[in-house]
Colleague: 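Let me begin by handing over the structure; questions about it come next.
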There are 2 protein chains.
Amino acid sequence: MAEKHELHQKGLRLTPQRELVLSAVRALGHATPEEVAEKVRQTHPGINLSTVYRNLETLENVGLVQHTHLGHGGATYHAAEELTHLHLVCGTCGSVGDAPIDVAANFVQNLSDDYGFKTDVTHFAVYGTCAACVK
Amino acid sequence: MAEKHELHQKGLRLTPQRELVLSAVRALGHATPEEVAEKVRQTHPGINLSTVYRNLETLENVGLVQHTHLGHGGATYHAAEELTHLHLVCGTCGSVGDAPIDVAANFVQNLSDDYGFKTDVTHFAVYGTCAACVK
DNA sequence: AGCGAGTTGCGAGTAATTCGCACAAGTTAA
DNA sequence: TTAACTTGTGCGAATTACTCGCAACTCGCT
């Protein structure tokens, strides 16, 4: 057998719960643990919230998902593949927009040059007011 | 009397608790509600946590303080006067550094031009790795 | 002084996340 | 294929960070 499951490659066991959590994150784009749990329950109703939390953490450790803080309390998770955008959180309507990371390239460069600070653009929440709410 | 207390000017009552919360925020630079409470207790030991939370909220409503989310769970508050910098949160050591807002001017402009998104730079947490931890 | 709305303290209530543990399931090797 | 080992799951309790309701209090006005 040439192919191993991606979870096996990371040294993790392949359980239905774990696969479902991962695919839920991928399907949802970005979601809170609660939302992931809800999504997973569509195919695996008995799943426990703790299991979702633990798997999100585990998957984050091996780099398959990542979390961001979008301003309010909870963290939101998204798949590692689509770390190509940053999040624009609107403080008025609560919507979350995307923007390609290169709009920040200059900014990141400034921080690196002037402060030696390596910005993690993917873990980036930008707070403000979206175009729709500005009106 | 020509002068009114700044809290009076905002239509708030002047209570020792309220004053202490405000000056604690100013003294601390940026702090969690918990840290503010601790600071206040140095001069007013009996203060209740609820009171701190309520005053932070009240003071925020009248624009004397503001809060930011620095990546982990809780909010941190800082005085409105010193909204002249953004926060560089180090994911490795947890330290919070400052940088003047103009390093982001270009970035903010980009978002405004390309997406109509008005970034609130003061409510801004930048996540990454600080110079000390990069080494 | 005295009145009334705004505040405080306190305790209960909530929401989100973590932990400990016993049992079940995925893997590996024989 | 099966026994044995190890990791993962479910569940309930524990924790943490806040919020709320309410009675007592006090600030600011007359």
Side-chain angles (χ1 to χ4, degrees), chain A residues 1 3-25 30-41 43-62 64-65 67-77 94, chain B residues 1 3-25 30-41 43-62 64-65 67-77 94:
Chain A
M1 55 185 256
E3 303 262 357
K4 279 183 78 179
H5 188 103
E6 62 183 326
L7 292 176
H8 278 178
Q9 290 178 6
K10 300 291 185 175
L12 300 177
R13 282 199 188 163
L14 183 61
T15 68
Q17 293 89 330
R18 189 163 286 164
E19 269 195 291
L20 287 166
V21 167
L22 179 55
S23 66
V25 170
H30 44 68
T32 63
E34 207 64 52
E35 290 164 341
V36 171
E38 197 181 317
K39 176 83 180 176
V40 172
R41 274 197 264 269
T43 37
H44 189 113
I47 197 170
N48 194 282
L49 241 195
S50 311
T51 301
V52 173
Y53 277 103
R54 278 184 297 223
N55 276 326
L56 287 172
E57 193 187 321
T58 304
L59 292 171
E60 183 159 31
N61 284 339
V62 298
L64 287 171
V65 306
H67 80 274
T68 315
H69 294 278
L70 257 36
H72 34 285
T76 55
Y77 287 82
Chain B
M1 53 186 261
E3 303 262 358
K4 282 182 75 179
H5 190 103
E6 61 183 327
L7 292 176
H8 279 179
Q9 290 177 6
K10 300 289 186 178
L12 299 177
R13 279 205 193 156
L14 183 62
T15 67
Q17 292 89 334
R18 185 114 75 202
E19 268 195 292
L20 287 166
V21 167
L22 179 54
S23 66
V25 170
H30 42 68
T32 63
E34 208 63 53
E35 289 164 341
V36 171
E38 198 180 316
K39 176 81 180 177
V40 172
R41 274 197 263 271
T43 36
H44 189 114
I47 198 169
N48 195 280
L49 239 196
S50 313
T51 301
V52 173
Y53 277 104
R54 279 184 297 223
N55 276 325
L56 287 171
E57 194 187 319
T58 304
L59 293 171
E60 182 159 32
N61 284 338
V62 298
L64 286 171
V65 305
H67 80 274
T68 314
H69 295 278
L70 257 35
H72 35 283
T76 55
Y77 287 80

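Numbered from 1 within each chain, the chains take letters A, B, ... in sequence-line order. No experiment lies behind these values; they were computed from the predicted model shown.
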Colleague: Looking at B/I47, is its backbone amide N or carbonyl O close enough to the side chain of B/Q17 to form a donor-acceptor pair, meaning the two atoms are under 3.5 Å apart?
Modeller: no
Colleague: Would you kindly give the CD-to-C1' distance between A/E35 and C/dA15, to the nearest whole Å?
Modeller: 15 Å
Colleague: Find the distance B/N61:CG to C/dG6:P and express it as a whole number of Å.
Modeller: 14 Å
Colleague: For B/Y77 and D/dA17, give me the distance from atom OH to atom P, rounded to whole Å.
Modeller: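 In whole Å, D/dA17 P lies 14 Å from B/Y77 OH.
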Colleague: Please compare A/P16 and A/P33 by the position of their nearest nucleotide in DNA chain C and report the one closer to 5'.
Modeller: A/P33
Colleague: Between B/H67 and B/L56, does the side-chain contact (heavy atoms from CB on, under 4.5 Å) criterion hold? Intermediate values first, please.
Modeller: CA-CA 9 Å; B/H67 80 274; B/L56 287 171; over 6 Å; no
Colleague: Quick check: does any side chain N or O of B/E35 sit under 3.5 Å from a backbone N or O of B/T32, one acting as donor and the other as acceptor?
Modeller: yes
Colleague: Measure CG/B/L14 against P/D/dC25 and give the value in whole Å, please.
Modeller: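 So the two atoms are 21 Å apart, to the nearest Å.
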Colleague: To the nearest Å, how far apart are A/E57 CD and D/dT9 C1'?
Modeller: 15 Å
Colleague: Under the criterion side-chain contact (heavy atoms from CB on, under 4.5 Å), I'd like the reasoning laid out for B/T68 against B/H30: C-alpha separation, chi angles, the key distance, then a yes or no.
Modeller: CA-CA 9 Å; B/T68 314; B/H30 42 68; over 6 Å; no
Colleague: Check whether any side-chain heavy atom of A/V36 sits under 4.5 Å from a side-chain heavy atom of A/K39, and report yes or no.
Modeller: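 A side-chain contact under 4.5 Å is absent here.
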Colleague: Does B/R13 make a side-chain N or O approach to OP1 or OP2 of D/dT26 shorter than 4.0 Å?
Modeller: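 Checking D/dT26 against B/R13, no side-chain N or O comes under 4.0 Å of OP1 or OP2.
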Colleague: B/R18 versus B/L7: any side-chain heavy-atom pair under 4.5 Å?
Modeller: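 Sidechains of B/L7 and B/R18: in contact.
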Colleague: Test your reading of the model: is there a side-chain donor-acceptor pair from B/E19 to the backbone of B/P16, 3.5 Å cut-off?
Modeller: no
Colleague: Rounded to the Å, how far apart are A/R41 CZ and D/dT9 C1'?
Modeller: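 Rounded to whole Å, this separation is 14 Å.
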Colleague: Can you pull out the residues from residues 44-56 of chain A that lie within a 4.0 Å heavy-atom distance of DNA chain C?
Modeller: A/S50, A/Y53, A/R54
Colleague: Think A/Q17 has a side-chain N or O under 4.0 angstrom from the OP1 or OP2 of D/dG10?
Modeller: yes
Colleague: Please report the distance, rounded to the nearest Å, between CD in B/E38 and P in D/dA17.
Modeller: 13 Å
Colleague: What's the CD-P distance between B/E19 and D/dC27, to the nearest Å?
Modeller: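 Those two atoms, CD and P, are 11 Å apart.
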